[in-house]
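Below, chain A is the first sequence line, B the second, and so on; all start at residue 1.
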Amino acid sequence: MPDHAISPTRAEDYPEWYQQVVKAADLAEQSPVRGCMVIKPNGYAVWERMQAILDRMFKDTGHQNAYFPLFIPLSYLEKEAQHVEGFAKECAVVTHHRLELSPEGKLVPTGKLEEPLIVRPTSETIIGAMFARWIQSWRDLPLLINQWANVVRWEMRPRLFLRTTEFLWQEGHTAHATREEAVEETLRMLDVYATFAERDLAMPVIRGPKPAAERFPGAVDTFSIEAMMQDGKALQAGTSHFLGQNFARAQEMKFASQSGTEEYCWTTSWGVSTRLIGAVIMTHADDDGLVLPPRIAPTQVVLLPIHRTPEEKESVLACCRSLEAELAAARFGGEPIRARTDTREIRGGDKTWQYIKQGVPLRVEIGPRDLAAGSVSLTRRDRPPKERTSLPIARFAAEAPRLLEEIQQGLFDRARAFRDRRSVRLASLDAVREFFSSGDASQDGVTAGGGFAHVHVADDPAVAAALDPLKITVRCIPMEGPDEPGRCVVTGQEVARPSVLAKSY
RNA sequence: CGGGGCGUAGCUCAGCCUGGUUAGAGCGCCUGGUUUGGGACCAGGAAGUCGAAGGUUCGAAUCCUUUCGCCCCGACCA
């Protein structure tokens, strides 16, 4: 056996490594439908963890869930000009509503629709149309709605989790009486995403507004959280849009103000998708497979019984059961610890490697020797596969929360250190050019892809044109910290703060 | 959508150039046995319309045409 479970390694072939990790952890696979994936139980369980945490955060910030139709009348999409332009090229269109059996035995579409329906690429238009009905008075505001749904964007180049034709997400849509409130909401949800990414996914992110070229079609401002993957590329992990009154005007979303005047609402929308699963993989997984941060790990502790004789089996399993119960009573992240015993009759080594590849944070082996010594053997997914420690059985359940916290924090620290090592501040276009074209970016043994360059650039087409040959884009303008004025390295314009430049997914 | 690569057993692939009995290997799977603190060993077994369609031929996994899908690069992109 090679000394790592995934082949090729990250350093050998990063994109292929990614796919092998997905396969080895049994998260998802290609479906018969072009560009669409099947999310398998292991992958879906991770999504359910993400949903559970985010849903609570949305509720805690006053939002309610609802559900809107999959189909959107073509005319709705047409209402907002920029929105049309942004999505027209990637829409699935439903034109018929019936199938007929032809004489040749083929099914042919018939029953042409008067107005084609598009499969939602996002729901601003149809939700806006409903909001317009629901909102009459300032007393109806703010209206804070979220929906968990699937959307379809006809992508040319799909990649499991990162970009698929159909994907799962949540989209929040809110309407407010004032610009200030809507901007505040936009930033609040951006913070919710950043908190979730850093606390639960152990994934450090940079938050900030996007340049005009990267904005959501129809938005006044788009904010994103950007994370660095292990190949140095940026991944947009979540977005929050301030839509101004653009959609409200397009959809006649009006309300009577306190002073009796008729006003357009101010709206926002924000979303994260199953792409986050890809983000977690590319942030934490290693050459042995997936590494799951404990907070989103469907199984946090796996108990592996080791036994030969029926007597041993009985006592070992009894120990597992009581340990499971103790762990369920212990708390991590405000919830019972999720532990399970794997009683399958297969070889121990195979089992162990399955859990390594699936990224389970803690593996606990319990055999006759452990029982005799009153201890358990412990291995951690954030440590080498063979690094084993021993812990008294009686103390394990009490220690588990601390161990999980240590892993969670350790993953975050490691990811942040990686990002910081590959982040630079640059003061000229030449320096940018050199940074992104130098071949020695693989200092961590990972594919050369550059990293993040913090550079002063103006929000100007000339900048995009200058960066285009380097295959990099302005990801966002980081919001943390005080202003640091400087001159744009392309146009010479004075700008308030540096932007993050990177190759991106 | 452009360039390149690839579709043969559940997985990874050999065979194709130079067409010729019943299409192979490793891993996995099933059965029996030996094992068991770390991805075991021995024996036996099941498993493939060779991506699909059409053509050439006495004969096609192999040659030709078309088509579908996947991967990489590019273009495009919430």
Side-chain angles (χ1 to χ4, degrees), chain A residues 1-8 13-20 22-24 26 29-37 82-83 85-91 120-124 151-160 162-165 167 169 171 210 213-219 222-226 235-241 269-275 288-289 304-309 312-313 316 345-357 363-373 375-379 385-388 390 447 468-469 471 473 475 504-505:
Chain A
M1 272 289 152
D3 52 0
H4 47 258
I6 302 297
S7 176
D13 185 344
Y14 193 84
E16 180 61 21
W17 163 84
Y18 172 81
Q19 295 189 83
Q20 293 303 325
V22 171
K23 188 191 282 190
D26 209 19
E29 66 183 51
Q30 212 59 62
S31 80
V33 184
R34 182 195 161 78
C36 297
M37 64 175 170
Q82 280 183 293
H83 198 60
E85 203 179 320
F87 286 107
K89 279 173 287 184
E90 52 186 33
C91 286
R120 62 180 165 219
T122 178
S123 303
E124 273 73 9
V151 288
V152 166
R153 293 177 188 175
W154 213 262
E155 296 291 349
M156 285 287 122
R157 198 171 150 194
R159 302 191 62 182
L160 289 173
L162 300 175
R163 181 181 289 109
T164 48
T165 298
F167 58 93
W169 78 345
E171 47 181 325
K210 292 249 175 208
E214 302 270 328
R215 246 177 238 150
F216 176 75
T222 286
F223 297 82
S224 72
I225 53 171
E226 301 281 334
L235 183 79
Q236 181 172 294
T239 48
S240 187
H241 314 292
S269 68
W270 28 275
V272 295
S273 72
T274 38
R275 170 181 260 199
D288 285 323
L304 301 165
I306 294 158
H307 48 76
R308 260 177 281 189
T309 65
E312 284 176 354
K313 180 173 178 179
V316 165
E345 301 280 343
I346 60 173
R347 292 188 64 76
D350 289 334
K351 262 190 212 183
T352 298
W353 280 100
Q354 277 182 18
Y355 292 110
I356 291 173
K357 289 187 279 196
R363 306 187 298 278
V364 177
E365 294 164 6
I366 303 168
R369 279 188 225 157
D370 298 294
L371 291 190
S375 65
V376 293
S377 298
L378 183 71
T379 44
K386 298 209 167 116
E387 184 179 305
R388 182 195 319 256
S390 186
T447 321
D468 190 58
K471 293 168 194 161
T473 49
R475 302 316 303 157
S504 75
Y505 277 95

Protein-nucleotide distance ([X], atom [atom1]; [N], atom [atom2]), rounded to Å:
X         : N      : atom1 : atom2 : result
Asp26(A)  : G10(B) : CG    : P     : 17 Å
Glu16(A)  : G4(B)  : CD    : P     : 21 Å
Leu304(A) : G39(B) : CG    : P     : 14 Å
Phe87(A)  : C76(B) : CZ    : P     : 17 Å
His307(A) : U36(B) : NE2   : P     : 15 Å
Lys23(A)  : C27(B) : NZ    : C1'   : 13 Å
Arg308(A) : U36(B) : CZ    : C1'   : 6 Å
Ile306(A) : U36(B) : CD1   : P     : 13 Å

key: Verdict with reasoning, Asp26(A) to Gln354(A), per side chain to side chain contact (heavy atoms under 4.5 Å, CB included)   = CA-CA 10 Å; Asp26(A) 209 19; Gln354(A) 277 182 18; over 6 Å; no

Just by modelled atom types, is the [Y] backbone N or O under 3.5 Å from a matching donor or acceptor in the [X] side chain?
X         : Y         : result
Thr473(A) : Arg475(A) : no
Arg153(A) : Pro121(A) : yes
Thr352(A) : Gly348(A) : yes

Of all the choices, [options], which nucleotide is nearest to the side chain of [X] once you look at every atom?
X         : options                : value
Arg347(A) : C72(B), C77(B), U36(B) : U36(B)
Asp350(A) : A40(B), C72(B), C77(B) : A40(B)
Pro15(A)  : A40(B), C77(B), C72(B) : C72(B)
Lys357(A) : U12(B), G39(B), C76(B) : G39(B)
Asp370(A) : C77(B), G37(B), C72(B) : G37(B)

Let's test this: given Watson-Crick or G-U wobble pairing with both distances under 3.5 Å, identify the partner of [N].
N      : value
U35(B) : none
G19(B) : none
C1(B)  : G74(B)
G48(B) : none
U62(B) : none
G10(B) : C27(B)

query = Do Lys210(A) and Glu226(A) sit within salt-bridge range, that is, some charged N less than 4.0 Å from a carboxylate O?
reply =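 Judged by the 4.0 Å cut-off on N to carboxylate O distance, Lys210(A) and Glu226(A) do form a salt bridge.
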
query = Any ion pair linking Glu345(A) and Lys313(A) (charged N to carboxylate O, less than 4.0 Å)?
reply =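 The answer is yes: the pair qualifies as a salt bridge.
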
May I ask you to say what [X] touches in the nucleic acid, namely base, sugar-phosphate or nothing, with a heavy-atom cut-off under 4.0 Å?
X         : value
Lys386(A) : nothing
Gln19(A)  : sugar-phosphate
Pro121(A) : nothing
His241(A) : base
Gly35(A)  : sugar-phosphate
Ser377(A) : base

When the [atom1] atoms of [M] and [N] are compared, how many Å lie between them, rounded to an integer?
N      : M      : atom1 : answer
G4(B)  : C29(B) : C1'   : 36 Å
C30(B) : A47(B) : P     : 16 Å
U57(B) : C76(B) : P     : 48 Å
U67(B) : C1(B)  : P     : 11 Å
G59(B) : C13(B) : C1'   : 27 Å
G15(B) : C6(B)  : P     : 12 Å
U66(B) : C58(B) : P     : 24 Å
G19(B) : C64(B) : C1'   : 13 Å

Indicate whether OP1 or OP2 belonging to [N] is found under 4.0 Å from a side-chain N or O atom of [X].
X         : N      : answer
Arg369(A) : G37(B) : no
Lys471(A) : G74(B) : yes
Gln30(A)  : C71(B) : yes
Lys351(A) : A40(B) : no

key: Along RNA chain B (nearest heavy atom to each residue), the more 5'-positioned of Ile225(A) and Leu160(A)   =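 Per heavy-atom nearest nucleotide, the more 5' residue is Leu160(A).
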
Closest-nucleotide ordering on RNA chain B, the 5'-leading residue of Asp468(A) and Arg215(A) =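 The residue closer to the strand's 5' end, by nearest nucleotide, is Asp468(A).
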
inquiry  = For G39(B), does the base pair up with any side-chain atom of Thr352(A) as donor and acceptor (N or O, under 3.5 Å, distance only)?
reply    =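 Counting by modelled atom types and ignoring angles, no donor-acceptor contact under 3.5 Å is found here.
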
inquiry  = Between C77(B) and Arg153(A), counting only base atoms on the nucleotide and side-chain atoms on the residue, is there a donor-acceptor pair under 3.5 Å?
reply    =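 Answer no: no donor N or O sits under 3.5 Å from an acceptor.
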
key: Stepwise side chain to side chain contact (heavy atoms under 4.5 Å, CB included) test for Val364(A) and Leu304(A)   = CA-CA 6 Å; Val364(A) 177; Leu304(A) 301 165; over 6 Å; no

inquiry  = Test side chain to side chain contact (heavy atoms under 4.5 Å, CB included) on Arg275(A) and Arg163(A); report intermediate values, then the result.
reply    = CA-CA 7 Å; Arg275(A) 170 181 260 199; Arg163(A) 181 181 289 109; 3.9 Å; yes

task = Evaluate the ring planes of Phe167(A) and Trp169(A), with Trp represented by its six-membered ring, and classify them as parallel (under 30°), tilted (30 to 60°) or perpendicular (over 60°).
result =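 Ring orientation, 0 to 90° scale: perpendicular.
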
